[in-house]
Protein chains: 2
Amino acid sequence: MISIHWKPDKNSIVPLRRQIINYFTDKISKGQWPIGSIIPPQRDLARLFNVNRSTIVAALSELKSQGLIEGNGKSGTKIISSSILDLTKSQPDWQTYMREGIQIPNYKTIKTINDIEWDDKIIRLSSGEPSPELFPDGNMKKIVNKVSIDMNNLGYECPHGMYHLREEISKYLKAQNIDAAPSSILIVSGALQAIHLISIGLLQPGSSVFIEKPSYMYSLQILQTLGMRRLGIPMDHEGIMAKEIPKYVKKHRSSILYTIPNFQNPTGNVMSQERRKELIKICKEEKLPIIEDDVYRELWIDNPPPDSLKSLDKSGNVLYIGSMSKALSPGLRIGWIVGPDSVISHLADIKMQMDYGSSSLSQLTVAKWLSTGLYEEQVDFLRKELRIRRDIALNALNKYFSNMATWHIPQGGYYVWVKLKGKINMHKLFEEGCKSGVLLYPGYVYESNSNTNIRISYSYASHEDIEKGLHILSNIVQRLLHD
Amino acid sequence: MISIHWKPDKNSIVPLRRQIINYFTDKISKGQWPIGSIIPPQRDLARLFNVNRSTIVAALSELKSQGLIEGNGKSGTKIISSSILDLTKSQPDWQTYMREGIQIPNYKTIKTINDIEWDDKIIRLSSGEPSPELFPDGNMKKIVNKVSIDMNNLGYECPHGMYHLREEISKYLKAQNIDAAPSSILIVSGALQAIHLISIGLLQPGSSVFIEKPSYMYSLQILQTLGMRRLGIPMDHEGIMAKEIPKYVKKHRSSILYTIPNFQNPTGNVMSQERRKELIKICKEEKLPIIEDDVYRELWIDNPPPDSLKSLDKSGNVLYIGSMSKALSPGLRIGWIVGPDSVISHLADIKMQMDYGSSSLSQLTVAKWLSTGLYEEQVDFLRKELRIRRDIALNALNKYFSNMATWHIPQGGYYVWVKLKGKINMHKLFEEGCKSGVLLYPGYVYESNSNTNIRISYSYASHEDIEKGLHILSNIVQRLLHD
Ligand SMILES: Cc1ncc(COP(=O)(O)O)c(C=O)c1O
Ligand SMILES: Cc1ncc(COP(=O)(O)O)c(C=O)c1O
C-alpha cells in the first residue's frame with residue numbers, strides 16, 4: 001500500500017478534487033507509485049485529506065477514466081498504467097473537440113463562481129437569487145402537496161406550455177396592464193432560456209443587439225457564440241439613452257434592443273416613465289424590436305416601478321420576459337415570453353426543438369402559486385425582507401467604503417453597484433475575495449473594460465454575512481488601492 | 001352588430017383559431033365589416049362556431065395584436081382598421097426576423113403533429129410516450145408528496161445538477177455495469193437537450209455526425225441549423241454496419257457517431273452483442289467518439305438487450321445518454337449524460353449558459369423514484385403493458401396490412417416500422433390520416449427519401465384505438481396504393 005504525506009490546500013481556488021487528481025497523476029506519471037501499487041481505501045483517503053468521501057470518489061473516477069487506475073474502493077484500487085499518454089492514443093481527442101465546439105465557454109470568473117459557490121462556508125455577495133432564509137418553505141410544501149393531489153399524467157406538453165399556467169400568467173399580467181391571451185404566451189425554463197430562444201429564433205450571425213452599458217447581457221456568451229454583436233448604449237439616471245438609438249440603427253441592420261428597465265442588473269437603475277415613453281416611440285419609428293427583461297419588476301422596496309414597456313406597446317414591438325426565479329424560486333426554472341402570436345408560435349416551435357418543453361411539475365406548481373394568491377403574499381414578504389437587507393448593505397458600505405467608493409441607493413432588486421474612487425486590479429480583487437471566502441461579481445463581467453465597479457448582492461448572504469463580507473472586502477480593496 | 005353565417009371546418013388540418021383569424025381578416029380587409037362595426041361577444045362567437053371560448057380569445061388576441069380590432073369581449077369589440085398594412089408600417093418586420101433567425105423551423109409534418117395532437121379525439125399512433133393509462137398515478141402522487149415534505153430551498157443548482165440525484169443515477173447505472181461517479185454525470189432536461197448540448201459543445205460547422213439510416217436524428221434540425229452534416233450509415237438486422245465506418249471517417253474530419261442501440265427509433269432494431277463489440281473496437285481505432293442514446297433500454301418485452309456500449313467502453317470513448325421520459329414520464333424533463341469528467345464539466349458549463357440547470361422539483365422527484373425502488377416496479381409494469389399493446393398492434397397489422405406491407409416484430413420499445421409493398425404519396429397519407437383523425441409519422445421524417453415506411457407507435461393510444469387507427473389507416477393506404 002502506498003503511503004501518502006500530503007494534503008490538498010483548502011484555501012486554493014483550485015477545486016479539491018482537481019488538486020487530488022493532479023497529485024495522483026504526478027506521482028503515477030513520475031513512476032513514484034509504480035504499476036501494481038495499491039491505493040488506500042476511499043474512506044482512509046477522505047480522512048487523510050480531510051475532504052468528503054464524494055470528492056475522493058470523483059477524483060478516483062477521473063483517474064479511472066484516464067486509464068491510470070482500476071478497481072473499486074473496497075478491495076483496493078490498483079495502479080495499472082504510468083502514463084495518460086497510453087490512453088490518449090486510443091481516446092478521442094476530447095480536448096480538441098471541446099476547444100473547437102461552437103459554444104464559447106463561460107468567462108473564467110463566472111465559471112469559478114459557479115464551481116465554488118456551493119461551499120457552505122463562503123459568503124455569497126455574488127448570487128442573484130433569494131436567500132434560503134427567504135424561501136417560502138411552508139407554502140411551497142403546501143402547494144407541492146396540492147399539486148401531488150391534483151395532478152394527472154405528466155406527458156409531453158403542447159409547444160406553448162401548459163394551457164392552465166398560461167391562463168394564470170395572462171391574469172397576472174392583466175393586473176400589470178399587459179393584455180396577453182394564453183396564445184401570446186410561451187412558457188420557458190427561466191428568463192435565460194428566453195434570451196437564448198429569441199437569439200436563435202430571430203437573429204442571425206452579424207445581427208446587432210443594443211444593450212445598456214453595463215448590462216447582464218455582457219455576462220452571457222450566447223450572442224458571441226452565434227456571431228452576433230453586442231452594442232452598449234450609455235445610460236443616465238433615467239435609464240438607457242433612447243435618443244442615441246437612431247444613429248446606431250442606421251449603422252446596423254437586423255438589430256434588436258435588449259433592456260432591463262426595472263432594478264437593472266447590475267446597476268439597480270429604474271427607467272423613468274418619461275424615458276419608457278420615449279423609448280417606445282423611437283423604437284416604433286425605427287421599427288426596432290425590443291426585448292424587455294422584467295425579471296426584477298416585483299422586487300420594489302420603496303415604490304412600484306412605472307408600467308412596463310409592454311403595457312405601453314400598442315403595435316407588437318415588444319417581446320416581454322418574466323420569470324419566477326427572482327421573486328419566488330429559481331429552482332422551479334419557469335419563465336415566460338409575451339409577444340405577437342406569430343412570433344410566439346415560432347419561438348414555441350424552437351423551444352420544442354431544444355428540450356420538448358419545461359418541467360410539467362414546475363408548471364403545475366407555478367400555476368398553483370398564482371391561482372391561490374400565495375404568490376402575492378410571498379412577494380410582499382420578500383419586499384419587506386429586501387428592505388432590511390438593502391439597509392444592512394448600505395450601512396456596511398457607509399461604515400467601510402465611504403472613503404473609497406460611491407453608490408446609488410437601489411430602490412429595489414438585489415444589487416448595489418459600487419464604484420471605487422480609484423482603479424484597482426479587479427482580477428486580483430476577485431481572487432483575494434475567493435481566498436478570504438467572499439464572492440462578488442467584478443464590474444468587468446458586465447462591461448468589458450470596467451475596472452472600478454463591483455456588484456454587491458444583498459439578496460443571498462445572511463444579515464451577519466453581508467456586514468462581515470463587506471468588511472473583509474473593504475480591507476482587500478484598501479490594500480489593492482495602495483498597490 | 002355584425003351577423004355571421006360561417007363555421008370553421010373541424011376536419012381541416014388548419015387549426016380552428018387560424019381559420020377564424022383568416023375569416024375575420026378577410027371580412028375586415030375587404031371592407032365587408034367596416035371600421036366601427038361591433039363584433040359579437042366572445043361567448044356568442046364560441047357558440048356560433050362551436051369551439052372553446054379559449055379559441056375565440058386566442059383569435060381575437062391575434063387580431064388585436066395586428067391592430068384590426070380593439071376592446072374586450074364584454075362591452076363589445078370594435079373594428080378599428082381595415083388593413084393589417086397600416087400596422088405593418090409601425091411594426092418591426094417580424095416575418096423577416098423569423099425567416100432569417102438561425103434556428104431552422106421543425107419539419108412541417110412534425111409541426112403539424114405538435115400542434116394538433118392535443119385534440120382529445122385524435123388517435124395518436126404518432127406519440128413516442130407512455131399512454132396516460134400507463135401513468136403511475138398513485139405512486140407519482142405518493143412520491144411528489146414525499147418530495148414536498150423533504151424539500152428545502154429550491155435555488156439555482158450546481159452546474160452538474162443535484163448531487164443526490166447524480167448519486168442515485170450512479171447506483172442505477174452500476175446495476176447495468178456502467179461505472180460512473182457523480183462527477184461523470186450531468187443532469188439535463190431530457191435526452192433531446194443532451195443531443196443539443198453535445199452538438200454545440202463539441203462540434204463545429206462542417207463537423208459530420210454518422211447516424212443510422214433511418215434514425216430519429218433525421219427528425220431533428222439541430223445539426224442542420226449549426227451547419228453540421230448528417231451521414232447515414234446503413235443498418236442490417238444486427239444494427240449499424242460498423243465495418244463501413246472507417247471509410248467515412250477518412251473522408252470527414254471532426255466527426256462523431258450517434259447511435260440508438262436498443263429498440264431504435266424508428267426501426268425498433270436491437271444491436272447485437274457482437275456488433276456492439278465490433279463498433280467499440282472500430283471507433284476506438286478510429287478515435288471516433290460515440291454518442292449512445294439509450295432512452296429505450298428499459299423497455300424490453302421479451303429479453304433484456306445486451307450490455308450498453310458504455311459498459312464495454314474502457315477508454316472514455318462513449319457519451320452515454322439516458323432519460324426518464326420513456327420509462328417513467330416525459331413531463332419530468334429529466335435525462336443525463338455520462339462521459340469523461342472533463343467532457344462532462346465542459347457540457348455542464350454550457351448547460352449553465354443555456355438555462356441554469358433543470359427543474360429542482362423534477363430532480364428531487366426522479367431521485368425519489370430511484371431511491372425508493374418504485375422506479376423498478378413501474379418499469380416492470382410498463383414491460384407487461386407494452387407486451388399487450390405490441391401484440392394488439394401486431395394483430396391489427398396482420399388483419400389489415402398483411403397484403404400491403406411487411407414489418408419486424410419489435411422486441412421492445414414503442415414502435416413498429418412498417419414497410420409498404422408499393423410506393424405511395426406519403427404526404428398525402430399523412431394528410432388524409434390527419435383528416436380521418438389518425439396521426440402517424442411518415443418514414444420521410446427519419447430518412448429523407450423514404451416513401452415506403454411509416455412508424456406506428458403502440459405506446460400511446462388506447463387498446464381500442466390502436467386497432468381502430470390501424471383499420472382506418474389501412475383503408476387510406478389501400479386507396480393511395482391504387483392511385
Ligand atoms: C436580468 C436578468 N435576466 C435573466 C436572468 C435569468 O433568470 P432565470 O433564472 O429566470 O433564467 C437573470 C438572473 O441572473 C437576470 O439578472
Ligand atoms: C431516440 C430518442 N432520443 C431522444 C428522445 C428525446 O427524449 P427526451 O424526452 O428525454 O428528451 C427521443 C424521444 O422522442 C428518442 O426517441
Side-chain angles (χ1 to χ4, degrees), chain A residues 57-58 61-62 65 90-92 94 97-98 100-103 105-106 111 114 118 129 132 135 141 144-145 148 153-156 158-159 181 183-184 189-190 192-193 196 200-202 204 221 284 287 289 315-316 329-331 333 340-341 343 346 349-350 352-356 359-362, chain B residues 57-58 61-62 65 90-92 94 97-98 100-103 105-106 111 114 118 129 132 135 141 144-145 148 153-156 158-159 181 183-184 189-190 192-193 196 200-202 204 221 284 287 289 315-316 329-331 333 340-341 343 346 349-350 352-356 359-362:
Chain A
V57 171
S61 151
E62 176 144 352
S65 79
S90 68
Q91 226 189 20
W94 288 118
Y97 279 95
M98 290 190 262
E100 294 185 350
I102 289 186
Q103 178 75 39
N106 253 319
K111 233 180 188 162
N114 287 345
W118 310 102
E129 64 176 303
F135 181 68
K141 284 182 157 60
V144 174
N145 181 44
S148 79
N153 181 35
L154 303 175
Y156 289 112
C158 77
S183 59
S184 315
S189 301
L192 177 60
Q193 187 179 57
H196 210 98
I200 65 175
L202 301 174
Q204 52 182 304
Q221 296 281 28
K284 188 172 163 184
K287 292 182 152 213
S315 53
S329 224
R333 305 311 305 128
D341 283 20
V343 179
H346 176 71
D349 172 57
I350 293 173
M352 282 303 271
Q353 295 192 52
M354 287 182 69
D355 61 12
Y356 291 138
S359 160
S360 304
L361 268 185
S362 285
Chain B
V57 171
S61 151
E62 176 143 351
S65 81
S90 67
Q91 227 188 17
W94 288 118
Y97 279 94
M98 289 189 264
E100 296 186 349
I102 288 185
Q103 178 74 40
N106 253 318
K111 233 180 187 163
N114 288 344
W118 310 103
E129 63 178 303
F135 181 69
K141 283 182 159 57
V144 174
N145 181 44
S148 78
N153 181 37
L154 303 175
Y156 290 110
C158 78
S183 59
S184 315
S189 302
L192 177 60
Q193 188 180 56
H196 208 99
I200 63 174
L202 300 174
Q204 51 182 304
Q221 296 283 27
K284 188 172 161 180
K287 293 184 153 207
S315 54
S329 225
R333 306 311 304 126
D341 284 21
V343 179
H346 176 69
D349 173 56
I350 291 173
M352 282 302 270
Q353 294 192 53
M354 287 183 68
D355 62 11
Y356 291 138
S359 159
S360 304
L361 269 184
S362 286

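So that the names make sense, note that chain A is the first sequence line, chain B the second, and so on, each numbered from 1.
Interface remark: of the candidates B/P330, B/A181, B/P159, B/P330 forms the most heavy-atom pairs closer than 4.5 Å to chain A. Note: A/G155 leads A/G155, A/G201, A/S183, A/G190 in heavy-atom pairs under 4.5 Å with chain B. Note: A/N106 leads A/N145, A/N106, A/D355, A/V57 in heavy-atom pairs under 4.5 Å with chain B. Among the candidates A/Q353, A/Q221, A/M352, the residue making the largest number of heavy-atom pairs closer than 4.5 Å to chain B is A/Q353. Ranked by heavy-atom pairs under 4.5 Å with chain B, the first of A/A58, A/S329, A/S359, A/S360 is A/S359. The choice from A/H196, A/K111, A/K141 that makes the most heavy-atom pairs within less than 4.5 Å of chain B is A/K141.
Residues A/W94 and B/P340 approach most closely at NE1-CG, 3.7 Å, considering heavy atoms. Taking both residues in full, the closest heavy atoms of B/L154 and A/F135 are given as N-CE1, 3.4 Å, listed atom of the first, atom of the second, then distance. Taking both residues in full, the closest heavy atoms of A/Y156 and B/R333 are given as CE2-NH1, 3.6 Å, listed atom of the first, atom of the second, then distance.
Residues forming a side-chain hydrogen bond (donor to acceptor under 3.5 Å, both in side chains) with A/S61 (at least two apart in sequence, or on another chain): B/S184. Considering only residues two or more places apart in sequence or on other chains, B/D349 meets the salt bridge (charged side-chain N to carboxylate O under 4.0 Å, His left out) condition with none of them.
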